[in-house]
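Per chain, numbering begins at 1; letters A, B, ... match sequence-line order. Being a predicted model, the structure only gives us computed values, none of them experimental.
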2 protein chains.
Amino acid sequence: MPQGKLDQDTETADFRSGLPLSLLIHQLAMKIDAQGRALIARHGDLTLPQWRIVRVLGLGAPEGSTALRKVLGFDKSQFSKTVNQLQERGLLSVTDLPTDGRQLRVSLTDAGRAVHERLAPVLEARNDHLMQALAPEERRVIRSALSKLSHAAEATELPKGNVD
Amino acid sequence: MPQGKLDQDTETADFRSGLPLSLLIHQLAMKIDAQGRALIARHGDLTLPQWRIVRVLGLGAPEGSTALRKVLGFDKSQFSKTVNQLQERGLLSVTDLPTDGRQLRVSLTDAGRAVHERLAPVLEARNDHLMQALAPEERRVIRSALSKLSHAAEATELPKGNVD
DNA sequence: TCTTTTTGGTGGACATGTCGACGAAAATTC
DNA sequence: GAATTTTCGTCGACATGTCCACCAAAAAGA
């Protein structure tokens with residue numbers, strides 16, 4: 001038995017429990033992204049941001065570009081690029097939005113709906129898998145907690161006037 | 001009052017509550033990163049990954065490169081590049097690790113420690129701010145929940161044999 | 001010991017996300 | 001209604017993160 005190695009792993013694990021919340025969330029997001037990427041790659045050739053757009057449209061998200069973009073939390077730039085990629089692949093139909101000449105109306109094509117039908121169950125199973133890892137109490141509050149953290153992460157100025 | 005706009009926002013907010021957990025976590029991580037980036041930029045010129053290395057070393061993380069990398073959850077490549085950036089800036093001292101010829105020993109220089117002392121309180125206040133946004137019950141379980149999700153996100157094969 | 005396998009750091013190519021600028025359309029103000 | 005301000009999509013430059021291939025050192029197996 002490699003005693004030194006065990007010590008090292010234990011030290012690592014112990015240390016991890018004291019890390020800042022921000023780092024833990026970052027790490028979790030990276031792992032979840034990687035897992036999602038792997039599942040998507042195994043069942044098609046979409047990128048993760050592409051799939052996310054297909055996914056929320058498949059879930060019935062609003063089709064106005066701004067509303068859709070805010071649901072996804074995408075940057076304007078990234079949203080524009082990814083939508084155009086999907087349009088070129090024939091998965092999205094992009095038309096003018098009658099009520100606002102600046103925005104677009106984004107909807108799935110038949111091909112886009114087909115991709116969604118194929119991938120959605122896989123990714124849904126993954127999310128179920130994640131939820132099942134939680135204790136009932138945790139499961140009950142996780143969405144509310146994430147939502148509150150999200151709101152708190154939007155503050156540009158923190159309580160402490162910390163500029164010099 | 002722009003009634004249409006209110007409807008749209010309400011629709012967006014309502015829809016958000018049904019989004020997949022994976023997307024919510026991704027969105028939260030992006031917001032937290034952006035907030036951290038803004039704070040770091042305001043008090044220095046480190047990048048976020050650079051700060052993370054300085055931070056965990058300042059917290060007393062192991063100095064062996066592999067252990068340190070795993071605490072951070074960094075990719076091998078990114079870790080290597082970021083450590084070299086910090087070394088060039090004179091914030092890190094990188095030497096050979098006696099116990100393993102492949103690994104490196106990474107530690108803060110005096111300059112690195114100074115940067116840590118300057119930034120740590122600011123980022124700590126931010127993390128306090130995040131925690132205070134949670135209800136007591138949520139605060140109690142959040143770390144455990146994140147840890148369980150992290151573990152569940154490492155599975156490469158999901159319960160369902162979902163190939164075709 | 002000798003071979004094989006695993007693990008570590010590095011570099012390059014690429015995917016993802018951020019930021020600032022730009023013109024066009026809409027909302028606001030006067 | 002005209003001028004101003006805001007919001008929108010697009011673009012280019014850059015920061016961040018991922019993935020793969022390479023070689024060297026260590027570990028495991030013979």
**Request:** For the pair Asp96(B) and Arg105(B), evaluate side chain to side chain contact (heavy atoms under 4.5 Å, CB included) and give the outcome as yes or no after the intermediate values.
**Result:** CA-CA 6 Å; Asp96(B) 287 346; Arg105(B) 186 178 161 279; over 6 Å; no

**Item:** Which residue lies more 5' along DNA chain D, comparing Lys76(A) with Lys31(A) via nearest heavy atoms
**Value:** Lys76(A)

**Asked** Starting at the 5' end of DNA chain D, which residue's closest nucleotide do you reach first, Gly101(B) or Leu104(A)?
**Response** Leu104(A)

Quick one: is [N] close enough that its OP1 or OP2 comes under 4.0 Å of any side-chain N or O from [X]?
X         : N       : answer
Ser77(B)  : dG17(D) : no
His26(A)  : dT16(D) : no
Gln78(B)  : dG17(D) : yes
Arg37(A)  : dG17(D) : no
Arg102(A) : dT6(D)  : no

**Prompt:** Angle class for the Phe74(A)/Phe79(A) ring planes (parallel below 30°, perpendicular above 60°, tilted otherwise)?
**Reply:** perpendicular

Provide, to the nearest angstrom, the distance between the [atom1] atom belonging to [X] and the [atom2] atom belonging to [N].
X         : N       : atom1 : atom2 : value
Gln27(A)  : dT18(D) : CD    : P     : 11 Å
Leu97(A)  : dA26(C) : CG    : P     : 10 Å
Gln50(A)  : dC14(C) : CD    : C1'   : 14 Å
Leu48(A)  : dC19(D) : CG    : C1'   : 15 Å
Leu72(B)  : dG17(D) : CG    : C1'   : 14 Å
Phe74(A)  : dG17(C) : CZ    : P     : 6 Å
Leu92(A)  : dG9(D)  : CG    : P     : 14 Å
Gln103(B) : dG9(C)  : CD    : C1'   : 10 Å

**Message:** Classify Asp100(A) by what it touches in the nucleic acid, base, sugar-phosphate, or nothing, heavy-atom distance under 4.0 Å.
**Reply:** sugar-phosphate

**Item:** Arg139(B) to Met131(B) - nearest heavy-atom pair and separation
**Value:** NE-O, 3.1 Å

**Request:** Please report the closest heavy-atom contact between Ala61(A) and Leu68(A), naming both atoms and the distance.
**Result:** CB-CD1, 3.9 Å

**Item:** Rounded distance [0.5 Å steps], CD1 in Ile25(A) versus CD1 in Ile142(B)
**Value:** 6.0 Å

Would you mind telling me which of [options] lies closest to the side-chain atoms of [X]?
X        : options                  : answer
Met30(A) : dG9(D), dG8(C), dG17(D)  : dG17(D)
Asp75(B) : dG9(C), dC19(D), dG17(D) : dC19(D)
Pro49(A) : dA24(D), dC8(D), dT16(C) : dT16(C)

Check: [X]/[Y] side-chain N/O donor and acceptor closer than 3.5 Å:
X        : Y         : result
Lys76(B) : Ser80(B)  : no
Arg55(A) : His116(A) : yes
Ser93(A) : Gln87(A)  : no

**Bend angle of the helix from dT1(C)-dA30(D) to dC30(C)-dG1(D), end axes from five pairs each (to 10°)** = 40°

**Request:** Flag the pair Asp33(A) and Arg52(A) as a salt bridge only when some basic side-chain nitrogen lies within less than 4.0 angstrom of an acidic carboxylate oxygen.
**Result:** yes

**Prompt:** Got a salt bridge between Lys81(B) and Asp75(B), using NZ or NE/NH1/NH2 to carboxylate O under 4.0 Å?
**Reply:** no

**Message:** Return whichever of Pro98(A) or Arg69(B) has its heavy-atom-nearest nucleotide of DNA chain C closer to the 5' end.
**Reply:** Arg69(B)

**Complete:** Note: contacts of residues 79-89 of chain B with DNA chain D (heavy atom, under 4.0 Å) are Lys81(B)

